[in-house]
Every structure is written in structure tokens, then in C-alpha cells.
Amino acid sequence: MKKPAILIVDDDPQVLAAITHDLRQEFRSDYRILSVSSGPEALTTLDELRTRSEPLALVLADQRMPEVEGVEVLTHALALFPDTKRALLTAYADTAAAIRAINSAQLDYYLLKPWDPPEQLLYPVLHDLLASWQATYRPRFAGLRLIGYQWSPLSHELKDFLSGYLVGYQWLDIEKDAEAATLLTTTAFTADELPVVICPDGRVVARPEKTDLARHLGLLVTAQQELYDVVVIGAGPAGLAAAVYGASEGLKTLIIERQTPGGQAGASSRIENYLGFPTGLSGAELAHRAWSQATRLGAEFMAPAEVLDLCVRDGYKVLTLSDGTEVRARAVVLTPGVSYRKLDAPGLDRLSGAGVYYGAARTEARSCAGQPVYIVGGGNSAGQAAMYLATYAARVFLIIRGATLEASMSAYLITQISQTPNIELVPHTQLREACGGQSLEAVVVQRDGQAPEKHPARALFIFIGAKPSTEWICQLAICDPKGFLLTGRDLVTDPRYKESWKKDREPYLLETCVPGLFAAGDGRAGAMARVASAVGEGSMAIKFVHQYLDE
Ligand SMILES: Cc1cc2nc3c(=O)[nH]c(=O)nc-3n(C[C@H](O)[C@H](O)[C@H](O)COP(=O)(O)OP(=O)(O)OC[C@H]3O[C@@H](n4cnc5c(N)ncnc54)[C@H](O)[C@@H]3O)c2cc1C
């Protein structure tokens with residue numbers, strides 16, 4: 001972010017040099033001193049500063065200039081920068097013009113030439129003006145800015161993507177923030193083309209693909225190597241652990257993620273039971289730490305990229321990605337985890353991303369400030385979301401089908417929820433409908449044995465369990481009836497084992513029915529569905545990768 005500017009305008013070269021020198025002496029540590037030698041040049045400079053949205057603290061213009069007079073420069077400055085302080089540099093004879101300008105250009109001050117000594121006649125006045133400007137000046141956010149409609153599913157996706165990578169960004173709602181409309185006029189786009197992303201380097205993209213943002217974040221969007229020792233599919237806790245161990249143990253490692261690092265854990269607002277973090281930490285922070293650790297150790301991170309197919313060709317595992325490209329590896333660790341189950345009720349699909357969210361409590365919490373929100377689900381993920389949302393929302397209604405949370409939620413969360421006055425548990429109840437035009441406005445819920453009731457709702461968060469993200473691999477690797485990948489002993493006892501496994505040795509603990517293809521974390525049959533166990537399995541998988549590569 002550039003320092004705020006002070007613009008000096010004078011057509012007399014000697015006066016201009018003198019005042020520029022004096023201002024640099026006194027103000028250059030906090031301000032950029034720009035000096036121009038004519039009225040037209042001043043008008044152009046003002047236009048340019050406005051186009052670049054650069055802050056301007058003060059304009060100091062000489063009154064007597066041919067072509068464009070000082071007052072005219074200050075009037076133009078007033079139109080473009082209403083908060084900027086304006087001072088006229090006058091000779092005694094120009095006092096009348098200066099007094100007139102107090103109204104026309106809303107002049108803040110006029111200075112009489114000469115101003116020697118500046119310590120008495122110049123600096124005190126300018127310090128006063130600058131202090132008063134600073135009092136109302138709000139520095140422009142220096143990072144990435146996202147302008148959009150609150151209820152646009154694409155805006156929601158982009159917000160989710162950015163926060164998944166812990167990118168500091170400013171969200172500007174075109175319908176609420178006056179700044180959003182002003183900022184949009186500085187781009188080549190209109191409100192019909194939202195969402196628009198303005199990058200810190202000035203690049204502007206409308207309706208960007210996530211790969212555009214990924215490039216901006218310095219992520220790989222194409223693989224750099226011909227062949228990897230190990231490719232890890234999925235950057236949840238299991239995949240990130242595998243990448244850390246793979247890279248730290250000298251394997252040429254690539255990790256591929258279709259969304260953002262952290263997987264389910266990334267959606268957790270507070271993980272309180274992960275070893276070594278006594279006060280807990282957010283899933284996004286854990287993921288970010290692990291991602292930095294893996295890349296620092298040399299793992300390549302490719303995202304967003306989804307693996308759609310895997311086959312074995314000439315002894316190598318060949319992965320086909322969503323953009324049609326292929327990646328080759330000697331061994332693969334599958335860590336695809338699970339994804340949220342969809343709830344089936346009228347209105348949910350239509351309003352998804354526009355008030356109805358699957359596991360997006362962190363991104364949307366702020367927009368729920370002071371409003372009622374509903375959560376469906378009684379597991380730990382629903383409990384964590386309730387606690388997080390309760391800090392913003394007026395009331396949080398937790399809808400469960402059963403009578404209590406005891407069977408499905410950890411005791412520490414049940415205690416926290418019971419001690420939070422604005423969370424209300426709604427037992428024996430089901431969601432029947434999501435209602436609203438462009439965004440969610442109300443939910444219809446029904447208590448067992450009673451008539452359905454409609455209640456206003458600003459947002460609905462759904463956490464009703466998950467299914468393994470393994471559809472694409474189930475043809476090649478043996479899965480259980482629910483789609484979880486079978487490995488090790490579980491595989492050996494499966495009736496399909498003998499037909500598929502052709503090696504003399506038995507599969508390693510985390511090996512699937514394809515030698516050199518391992519599975520770890522929540523997508524594996526028998527996994528514990530915990531961050532720590534996923535991390536443990538991901539790390540263990542690399543041990544087996546070594547054994548396989550040594551064969
Ligand atoms: C809201 C919430 C809170 C939780 N809180 C806790 C807690 O406090 N403590 C605890 O121990 N556990 C908690 N859990 C459970 C824990 O997060 C999971 O057990 C853990 O994340 C599993 O890790 P994983 O790596 O196996 O899978 P996941 O976390 O599911 O990650 C899988 C990743 O693989 C990616 N992927 C899938 N398929 C592909 C593909 N084809 N190509 C590319 N990428 C792909 C996905 O996008 C995802 O990022 C919580 C879960 C949720 C949802």
C-alpha cells in the first residue's frame with residue numbers, strides 16, 4: 001500500500017523547488033510528495049491518482065498560473081477527493097481570490113508567500129490539516145478484494161476458496177457497501193459481471209475460475225515433473241501428513257487437491273482434541289500449517305485439481321485430472337476422505353450457496369450477525385458450527401431428529417452448547433422446506449406429531465453425515481458396500497481378494513487391492529474419523545510406500 005500523497009502545484013520553478021524541499025524535509029517519512037509545474041499537469045495527476053485509487057491527503061496549489069488557476073485545480077480535487085485537504089498558495093494580492101475559493105473549492109486554508117521560516121509559518125498549519133485528514137482517513141485494504149452479491153453461489157464459492165487458503169481478502173457486498181459500487185466503477189466491469197476480484201497488483205478479473213485465483217496464490221495448476229515417486233490424492237489431514245512425510249523422506253511428492261487444504265477438518269471452527277494444542281485451533285489454521293510444512297519440505301501442491309481416473313500402465317499409476325492432463329507416479333496414496341451428504345427437501349438445491357450451506361459455517365458466520373440461523377445435525381461438526389455461529393447470530397436453532405445429543409456429540413461440546421444462552425436445541429424435529437426468493441428467508445420445520453411450522457431464517461447449515469469420495473476409484477480398488485476403500489487385513493478377508501491380488505506377499509496394512517496404491521484417512525474402511533487418526537494413517541502410508549518402492 002502506497003503512502004498517502006501530498007500534491008504541490010506551482011508554475012514558478014524556484015517556488016516549486018523550495019516548497020517541495022521544505023515539505024520533503026518535514027513530511028516524507030509519512031507522505032509521498034508529488035510536485036507538478038502547471039495546472040493542466042495537476043488535473044491529469046489528480047485523475048491518475050483517482051483511477052489508481054491512491055490516497056491523497058493534501059493539495060497545495062499556487063493561485064496565479066496561466067491556463068488553469070489554483071482554485072480550479074482545488075475544485076477538481078474536491079470533486080475527485082472530497083476528503084482531501086485543500087490549500088491555496090497566494091501572494092498578498094490574491095487574498096480576495098482565496099476568500100472566494102473558501103466557498104467554491106471549499107478551501108481549507110490559504111498560505112501567504114513567502115513562508116519563511118517554515119517551522120513557524122508552514123509546518124504548523126500543514127500538520128494541523130494533515131492531522132485532521134488522518135482522523136477520518138481509512139487506509140484502503142491492501143490485499144485482494146472481492147466485490148459481489150451476498151446471495152450469489154459463485155461469490156460464496158470464491159469466499160470459501162480464499163478462506164480455505166487463509167488468504168486475507170476484503171468482501172464488498174455490492175448491495176450494502178457504498179465502497180463496492182465506487183470501486184467497481186474503477187474497473188472495466190459492471191454489476192452484471194459480478195463477482196469481480198481485484199488483486200493487490202491491480203489486476204481485475206470478473207467471474208474468475210478458481211484456477212485463476214490459484215495462480216495468483218502461487219499454487220501449481222499443472223504438474224512440474226514427468227514422474228513422481230508418490231502422488232497423494234486429497235489434502236485433508238491424512239493427505240497433508242502423507243505429503244509431509246513423503247517429502248521429508250526424500251520422495252518426489254505431489255499432492256493434488258480439488259478444493260482447499262484441510263478437507264473436513266478445514267471446515268472445523270475449533271478442533272479442541274488434537275494433540276499439542278491445549279487451547280484448540282481452527283481447522284483452517286491446522287491445514288495451513290501443514291500445507292506450509294509440506295511445501296517447505298519440498299512437496300508440490302496442485303490445486304484446484306480433481307483426480308477423475310486412475311489406471312496402471314507399464315507398471316506406473318497414471319492419474320487423469322479434471323482438465324484432461326495426466327500425472328504419472330510410482331506409488332499413490334488415496335486420501336479422498338468423505339463429503340457431506342445432501343439433504344433432500346424442497347428449496348434446498350435452489351438456495352444452496354444462497355443461505356443454505358453444507359459445512360460452511362466459518363465463511364458465512366459474519367453475514368448472520370444479529371439474525372436467526374438453523375443447523376441440521378447432531379454430530380460434532382454441527383456442535384462446533386453452533387458454537388461458532390452463536391458468537392454472531394441472534395439465535396441458533398439446532399434441529400435433531402432424536403431426543404438428545406448424547407449419542408452423537410462429544411461431551412465437551414454438549415456442555416458448551418448447554419451453557420450458551422442463544423443456542424436452542426430443537427429435538428424430535430425435521431427440516432421440511434427451505435423458502436425464499438433469491439436467498440433463504442425462512443425454513444419449515446416439523447416436530448414429531450405436530451403440524452409443520454414456518455420460521456424466519458437467515459441461513460441454514462446442514463451437517464448430516466458424509467459419504468466417501470471414492471465413486472471414481474471403486475472400479476479399480478475394492479470398496480465395501482458403502483464405498484469405503486478396503487485395505488490390508490480387511491481386504492484379505494473379502495471374497496473378491498483372491499481374484500484381484502496377484503502378488504506373493506499379502507497387502508500391507510494400508511494397501512488396496514492394487515499393489516502400490518494405498519489408502520488412508522476417512523475414505524478407508526474402518527477409519528476412526530478423527531484428525532489425529534487421519535494424520536497417523538497418512539504418515540504410516542509413506543512407510544508402506546518405501547517398502548513397495550524397495551521391492
Ligand atoms: C465440521 C467438522 C469438525 C470436525 N471436528 C473434529 C475435531 O474436532 N476433532 C477430530 O478429531 N475430528 C474432527 N472432525 C473429523 C475430521 O475432520 C476428519 O476425520 C478428518 O478431516 C479426515 O481427514 P481425511 O484426510 O481422511 O479426509 P478429509 O478431511 O475428508 O479430506 C479429504 C480431501 O480430499 C479431497 N479430495 C477428495 N477426492 C478428491 C479427488 N478425486 N481429487 C482431488 N482431491 C480430492 C477433498 O476435497 C478433501 O480436501 C471434524 C469434521 C468436520 C466435518
Side-chain angles (χ1 to χ4, degrees), residues 1-66 68-102 104-142:
M1 181 71 188
K2 283 187 171 166
K3 288 183 209 167
I6 294 177
L7 177 65
I8 313 165
V9 195
D10 204 312
D11 64 331
D12 180 330
Q14 275 182 345
V15 177
L16 185 64
I19 194 156
T20 303
H21 168 268
D22 285 349
L23 262 65
R24 286 212 170 116
Q25 284 284 98
E26 184 69 5
F27 297 106
R28 77 169 152 219
S29 58
D30 298 320
Y31 297 92
R32 284 183 301 142
I33 313 296
L34 310 177
S35 49
V36 297
S37 57
S38 73
E41 217 184 317
L43 300 185
T44 310
T45 306
L46 286 167
D47 289 343
E48 286 171 356
L49 288 170
R50 180 74 187 85
T51 308
R52 295 196 298 263
S53 303
E54 289 177 19
L56 178 64
L58 171 72
V59 183
L60 196 53
D62 181 37
Q63 168 59 7
R64 281 211 187 173
M65 294 186 291
V68 177
E69 289 191 329
V71 171
E72 215 176 308
V73 171
L74 296 182
T75 309
H76 193 62
L78 171 67
L80 299 185
F81 297 91
D83 299 327
T84 293
K85 297 294 165 192
R86 292 167 296 277
L88 200 62
L89 214 46
T90 56
Y92 186 74
D94 301 325
T95 319
I99 291 167
R100 279 199 305 279
I102 291 174
S104 62
Q106 291 179 25
L107 197 67
D108 291 296
Y109 206 86
Y110 64 89
L111 282 157
L112 283 177
K113 294 191 252 187
W115 56 85
D116 257 356
E119 289 75 12
Q120 286 175 19
L121 298 179
L122 184 66
Y123 297 156
V125 169
L126 297 189
H127 272 299
D128 258 11
L129 290 177
L130 291 170
S132 120
W133 177 79
Q134 284 285 1
T136 55
Y137 167 60
R138 294 286 165 271
R140 182 162 66 90
F141 179 72

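Here the structure is a predicted model, which is why all the values come from computation and not from measurement.
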Fill in the blank from the handout: d(Phe81 CZ, Leu58 CG) to nearest 0.5 Å is 12.5 Å
Problem - Criterion side-chain contact (heavy atoms from CB on, under 4.5 Å) on Asp10 and Ile19, from CA distance to verdict - result: CA-CA 9 Å; Asp10 204 312; Ile19 194 156; 5.6 Å; no
Problem - Set of residues satisfying side-chain contact (heavy atoms from CB on, under 4.5 Å) with respect to Ser35, sequence neighbours excluded - result: Ile8, Leu16, Thr20
Practice task
Could you list the residues that satisfy side-chain contact (heavy atoms from CB on, under 4.5 Å) with Asp128, not counting sequence neighbours?
Solution key: none
Exercise for the section: Identify, with sequence neighbours excluded, every residue that meets side chain to side chain donor-acceptor pair (under 3.5 Å) alongside Asp12. Expected result: none
Fill in the blank from the handout: Output for pair (His76 NE2, Leu43 CG), nearest 0.5 Å, gives 5.0 Å
Handout entry: Leu7 and Thr45, any side-chain heavy atoms less than 4.5 Å apart
Key = yes
Problem - Interatomic spacing from CD in Gln25 to CD1 in Ile33 - rounded to 0.5 Å - result: 11.0 Å
Exercise for the section: Can you sort out the partners of Thr75 under side chain to side chain donor-acceptor pair (under 3.5 Å), two or more places apart, ordered by chain and number? Expected result: none
Practice task
Look up atom CG in Leu74 and atom CG in Leu78, then write down how far apart they are to the nearest 0.5 Å.
Solution key: 9.0 Å
Handout entry: Glu48, CD: over 12 other non-hydrogen atoms inside 6.0 angstrom
Key = yes
Problem - Side-chain touch Leu34/Leu49, heavy atoms, less than 4.5 angstrom - result: yes
Fill in the blank from the handout: Hits for side chain to side chain donor-acceptor pair (under 3.5 Å) against Tyr31, two or more places apart or cross-chain, chain-then-number order -> Gln134
Problem - Heavy-atom pair with the smallest gap, counting every atom of Asp11 and Pro66 - result: OD2-CD, 3.1 Å
Handout entry: Min side-chain heavy-atom separation Leu56-Leu80 under 4.5 Å
Key = no
Problem - Heavy-atom pair with the smallest gap, counting every atom of Leu88 and Gly70 - result: CD1-C, 3.8 Å
Fill in the blank from the handout: One should read off an interatomic distance between Arg28 CZ and Ile6 CD1, to the nearest 0.5 angstrom, of 12.5 Å
Exercise for the section: Mind checking side chain to side chain donor-acceptor pair (under 3.5 Å) for Glu72 and listing every partner two or more places apart, or none if nothing turns up? Expected result: none
Practice task
Not counting sequence neighbours, which residues clear salt bridge (charged side-chain N to carboxylate O under 4.0 Å, His left out) with Arg64? List them please.
Solution key: Asp94
Practice task
With sequence neighbours left out, write down each residue that passes ring-ring contact (aromatic ring centres under 6.0 Å, His included) with His127, or none if nothing qualifies.
Solution key: Phe27
Handout entry: Gap separating the OH atom of Tyr109 from the OG1 atom of Thr90, nearest 0.5 angstrom
Key = 10.0 Å
Exercise for the section: Sort and list the pairs that fulfil salt bridge (charged side-chain N to carboxylate O under 4.0 Å, His left out) and have at least one residue in residues 30-40, not counting sequence neighbours. Expected result: Arg32-Glu54
Exercise for the section: Could you tell me whether the side chain of Val73 reaches within less than 4.5 Å of the side chain of Leu46, counting heavy atoms only? Expected result: yes
Problem - Selection residues 82-92 - residue pairs positive for salt bridge (charged side-chain N to carboxylate O under 4.0 Å, His left out), sequence neighbours left out - result: none
Problem - Gln63 side chain to Glu69 backbone, donor-acceptor under 3.5 Å - result: no
Please tabulate, for the side chains in residues 111-124, all donor-acceptor contacts under 3.5 angstrom to protein atoms that are two or more places apart in sequence or on a different chain.
{"unit_1": "Lys113", "atom_1": "NZ", "unit_2": "Asp62", "atom_2": "OD1", "d": "2.9"}
{"unit_1": "Trp115", "atom_1": "NE1", "unit_2": "Asp22", "atom_2": "OD2", "d": "2.8"}
{"unit_1": "Tyr123", "atom_1": "OH", "unit_2": "Asp22", "atom_2": "O", "d": "2.7"}

Exercise for the section: Answer yes or no: is there a side-chain heavy-atom contact under 4.5 Å between Leu126 and Leu23? Expected result: yes
